[in-house]
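Values below: every heavy atom of this structure, side chains too, minus hydrogens, waters and symmetry copies.
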Amino acid sequence: MVSLVRQLGPMVAAVATLLVVASPARADQGTLTLELRKDGVLHVKEDVVLKGGPVTRTPLLRTRHDDASDRVYRIANVKGATFDGAELTVAASGSVEYDVIGAVAPLAGGEELRWFVAEGPQDLVTVKVTGPGQIQNLACFAGEPGASLGCTAAAMDETGQNAEFEQQGLAAGQVLTIVVGYPAGTTGASPTLEHRFSLSAAFTVNAITGGSLALLLVLLLGGLWLVYWTRGRDARVIGAESGARGAFQDGRFAPPDGVRPGQIGTLIDEQADVIDVTATIVDLAVRGYMRIDEQPRETYDAPDWLLVKLPKAPVASLLPYERALYDSVFDLRDEILLSQLHGGFTTGLGRVRDALYRDVVKQGWFIRRPDSVRSRWTVLGVAVTVLGLAGTVALAMFSTYGLVGLAVIIAGAALTVGGQYMPAKTASGAAALAHTLGFREYLATGDIGDVPAGQRAELFSRYLPYAVIFDSVDRWARVVASIKGEGDNLYWYHGPAEWDLSKFADSMRTFTMTTSGAISASRQFKTF
């Protein structure tokens, strides 16, 4: 037996040594002295007895204060240990000192000191607390953070100036929390609060946030309406300017205010549209600058038209946008198939659009180009929207007033959309528009029986480009087709063999749709 003991002795010693070395580092016991100073700073001094090497602690430095905020504790002036802002490392047994800022908070009728003095594992923790005032109440809790289980012991001495706490067997993951109440104004300190982001809290709806949102919306949208009322509204015209108006005077075609088809769309909706260009092509043909020849086709062929430049046409009398379109169509050619309008035509349409906008300013219908006005307001609206988004994010991250930022986003979006309505017509433009709308009413419902038979072919043809703008092509194409004249063609529109005017309405409808499609493909103009 003695021999066996002698043989096992070294092995047992080795195992014991291994167990000692492998046992986790811990503090067997801690003795803490807490002094609450007059300025609200809590000075902590702890006598630490370590077992097994250095100990690293993670102090509880952030707790929930309310739905929107966290309470933050800050440790400073550390001695006898190292602190990296999150972890406190005690390298050896001895004295550790540090200050805690933010441990005092005012309550109804007093102040409360609350600090998480120790964390496990520790066999025994004793705490002594002194402060600048009479203690009104005290409590302590041990367990998981936020637990309400009382500690081993809590008491104050007969002077009411000192409190003592004790906790036996503080397990790993458990925290000892001490709470001491003092009279109001003892330190005058306040807790350090930081906003905690949560979607529900960021967009809290209450009387303040809801009222602020409503007030800001009224101010912003009201201001936008005021800007529109003073700067974006068309000049008013008297009621006598309205009513149906024909375009036949003294035996001649006389559109109201001399407005040409291409100008009408820009005048009405302040946009240079595809249909404005389509109507101008028809108008140039009707006025003798080109001829439109419908091409023969088989049953499954796509329809096509040959645009033919007419000799001796007075191109010098064309308005700039009409000349730009005329040059874009022919581009040093005498004729071109509609299906082949691309390349230089597409490039030229940008010049046509710009010329149209310049033209309505030159006519005195607008003070500034409508597209420039829209762009300026749109850019401003986008900028306000982006500013509102940034402001909403900032308010949501750092406060509960994220809802207020939505008002700026809504105002920016309204400004972006409302900017499309900001181009304002002058008194001359508003009057021209009233006359033009009267002409549209006449084209839709007017009596054509009073036009002499000999003038109908030219007059009704002159009406047709305006009908393209006003979406009355079917009616006026049928009217033109009903004209009794010589031959099966019009002076400006020729059909293929075995074609007659009875087919003109269908041909004209298809031509306008195909032409508009070719222009839309250029992406230079707003589509229908």
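For the atom pair CG (Asp371) and CG (Asp354), the distance works out to 7.0 Å, reported to the nearest 0.5 Å.
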Going through the distances and angles, do Leu220 and Leu415 end up as a side chain to side chain contact (heavy atoms under 4.5 Å, CB included)? CA-CA 10 Å; Leu220 292 175; Leu415 188 59; over 6 Å; no
For Glu194 and Arg62, what are the C-alpha separation, side-chain angles and deciding distance, and is it a salt bridge (charged side-chain N to carboxylate O under 4.0 Å, His left out)? CA-CA 9 Å; Glu194 287 187 2; Arg62 180 181 294 270; 2.8 Å; yes
Dump the intermediate steps for salt bridge (charged side-chain N to carboxylate O under 4.0 Å, His left out) on Arg74 and Asp99, then the final yes or no. CA-CA 8 Å; Arg74 187 164 63 88; Asp99 292 335; over 6 Å; no
Derivation and outcome, side chain to side chain donor-acceptor pair (under 3.5 Å), residues Gln134 and Gln161: CA-CA 5 Å; Gln134 192 79 15; Gln161 298 284 333; 3.1 Å; yes
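Ala272 and Leu356 make their closest contact through CB-CD1, 4.0 Å (heavy atoms, listed as atom of the first residue, atom of the second, distance). A pairwise comparison of heavy atoms in Phe165 and Val179 identifies CZ-O, 4.2 Å as the closest pair. In terms of heavy atoms, Tyr401 sits closest to Thr209 at CD2-CG2, 3.8 Å. Here the closest non-hydrogen pair linking Pro370 and Tyr357 is CD-CD2, 3.9 Å. Summarising the geometry of Gln168 relative to Leu124, their closest heavy-atom pair is CG-CD1, 3.7 Å, with the distance given to 0.1 Å. Contact record, Leu406 with Thr392: N-OG1, 3.6 Å, taken as the closest heavy-atom pair.
A side chain to side chain donor-acceptor pair (under 3.5 Å) with Gln263 is found for exactly one of Thr280, Asp359, Asp276, Thr436, namely Asp359. Residue Glu270 forms a side chain to side chain donor-acceptor pair (under 3.5 Å) with just one option from Arg374, Lys425, Gln420, and that option is Lys425.
Using a 4.5 Å cut-off on side-chain heavy atoms (C-beta onward), Gln136 and Pro183 make contact. Contact check for Asp70 versus Leu193: no side-chain heavy atoms found under the 4.5 Å cut-off. Residues Ser328 and Leu349 form no side-chain contact, since every pair of their non-hydrogen atoms from C-beta on lies 4.5 Å or further apart. At a threshold of 4.5 Å between non-hydrogen side-chain atoms, the residues Leu88 and Thr82 do not count as touching. Two residues are said to be in side-chain contact when any heavy atoms from C-beta on lie closer than 4.5 Å; Val468 and Ile275 meet this criterion. By the 4.5 Å heavy-atom criterion applied to side chains, Leu215 and Leu213 are not counted as neighbours. Between Lys45 and Glu35, every side-chain heavy-atom pair lies at or beyond the 4.5 Å cut-off. Using a 4.5 Å heavy-atom threshold, the side chains of Arg369 and Arg358 count as touching.
Remark: Lys128 does not engage Glu166 in a salt bridge, criterion side-chain N to carboxylate O under 4.0 Å.
The main-chain N or O of Ala413 is found under 3.5 Å from a side-chain atom of Thr385 such that the two form a donor-acceptor pair. In this structure a side-chain-to-backbone donor-acceptor pair under 3.5 Å is missing from Gln167 to Ala142. The main-chain N or O of Asp47 is never found under 3.5 Å from a side-chain atom of Ser95 such that the two would form a donor-acceptor pair. Side chain of Arg440 to backbone of His435: no donor-acceptor contact under 3.5 angstrom is found. A donor-acceptor pair under 3.5 Å is absent between the side-chain atoms of Ser372 and the main chain of Arg368, judged by distance alone.
No hydrogens or angles considered: nothing links the side chains of Thr378 and Thr416 as a donor-acceptor pair under 3.5 Å.
With ring centers used as reference points, Tyr466 lies under 6.0 Å from Phe439. Checked against the 6.0 Å centroid threshold, Tyr73 and Trp115 count as a close aromatic pair.
The environment of CG in Leu219 is crowded: more than 12 heavy-atom neighbours from other residues, nucleotides or ligands sit within 6.0 Å. The number of heavy atoms from other shown groups lying within 6.0 Å of CG (Leu60) is above 12. Within a 6.0 Å radius of CG in Asn162, more than 12 heavy atoms belonging to other residues, nucleotides or ligands are found.
Sorted by first and then second residue, the pairs that involve residues 81-161 and meet disulfide bond (SG atoms under 2.5 Å apart), not counting sequence neighbours, are Cys140-Cys151.
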